[in-house]
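Just follow the structure's listing: the first ligand is 1, and inside any ligand the first atom is 1.
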Amino acid sequence: MSKAKILVARSIFPETIARLEEYFEVESNQGDQGWSKAQLIDKLKGKQGAFTTGSERIDAEVLAACPDLKICANMAVGYNNFDVDAMTARSVLATNAPDVLTETTADFGFALLMATARRITESEHFLRAGKWEKWSYDMFAGSDIHGSTLGIIGMGRIGQGIARRGALGFGMKVIYHNRSRLDAQLEAECKASYVSKEELLETADHVVLVVPYTPASHHTIGAAELALMKPTATLVNIARGGIVDDAALAAALRDKRIAAAGLDVFEGEPKVHPDLLQVPNVVLTPHIASATVPTRRAMADLAADNLIGFLVHNKPVTPLNPAVLASK
Ligand code: 8YV
């Protein structure tokens, strides 16, 4: 039987490519030059499978141009780069990479929270610039993590991981807001109390965003929400660009309407809103929350498992639209 053809859209571990080559004819973008949509379509034509990252948009236009496509396996838990309805309509399976990155991403959320509240990068820039000449009582005085109130918007697996770290490790009072309330047992495990979004914004000392991006979550935090937060509060976004109105946030940081922010994701990334680059009270990282070597390997393995599982055995591991399987 001839091997199915797949496209690996971005540079990935050579071991992952070698494994995929055992099962498929693989074309891969190991040069990792970004592809335009037209180039992506051109490469995807005639392929049955695609190994994608959050950067490749798979929508009705791509699907119409690539009728041989049967599966897109995302090496990411978030999948807002997929139009899942359009994929289901064309019987194309969508898979993501949940669970394997939960704890690593929760670790990073906490790291960014601490760096933001304790002004770590701002003070390092000061030191590197040779400006440290004397001790002073208020030099880079930030806000406390321990004993403070942590507000989490989006209480999925990663949000729960952050809640546990905050409550059990740092004695924080944890409040959360989510589309649906957790069951009582999970709430007790996370030591988290459900509140309205407004109450959370008004009372939290530190707000962490872990909500998936959908049209409904676009600009979950804009000027009105920032105005509800305490002037001493910090905001951390490890979810997706577009959840925060970056221009409104830059203005709030400039005017000290909130104390500081930590951002791993941006509207229009890899571009960053120029106003954010001008304010000192923000920690900026280039979308690396899941970036540890073991976790990136596990994410790549899971995307490969989905391609092999579906195209070879008709058993994907983490399907997002299982209706496609039922219709076969
Ligand atoms: C990915 C992420 O690194 O999993 C996600 O949703 O945001 C990151 O872990 C990124 O999307 C590239 O695929």
Taking only heavy atoms of [X] into account, list the atoms of ligand 1 that are under 4.0 Å away from them.
X    : result
R240 : 2 (C), 5 (C), 6 (O), 7 (O), 11 (O)
L101 : 4 (O), 9 (O)
M75  : 13 (O)
T53  : 13 (O)

Requested in this report: Ignoring hydrogens and angles, tell me if any N or O in the side chain of E56 forms a donor-acceptor pair with the backbone of T53 under 3.5 Å.
Outcome: yes
Report task. Return yes if some donor-acceptor pair links the side-chain N/O of N178 with the main-chain N/O of S180 below 3.5 Å, else return no. Result -> yes
Provide, to 0.1 Å, the distance between [atom] and the closest protein heavy atom, together with that atom's residue and name.
atom                    : answer
atom 9 (O) of ligand 1  : S290 OG, 2.6 Å
atom 12 (C) of ligand 1 : G54 N, 3.8 Å
atom 3 (O) of ligand 1  : R296 NH2, 3.1 Å
atom 4 (O) of ligand 1  : V77 N, 2.8 Å
atom 11 (O) of ligand 1 : A76 CB, 3.5 Å
atom 10 (C) of ligand 1 : H287 NE2, 3.9 Å

Query raised in the report: How about K197: does its NZ atom have over 12 heavy atoms from other parts shown lying under 6.0 Å from it?
Result: yes
Query raised in the report: Are more than 12 heavy atoms from other residues, nucleotides or ligands located less than 6.0 Å from atom CZ of R118?
Result: no
Classify the side-chain pair [X]/[Y] by whether it contains a donor and acceptor separated by less than 3.5 Å.
X    : Y    : result
Q160 : Y176 : no
S136 : D138 : yes
H218 : E267 : no

Query raised in the report: Is there any N or O on G78 that sits under 3.5 Å from an N or O of ligand 1?
Result: yes
Query - NZ/NE/NH1/NH2 to OD/OE distance under 4.0 Å, K5 and E27 - result: no
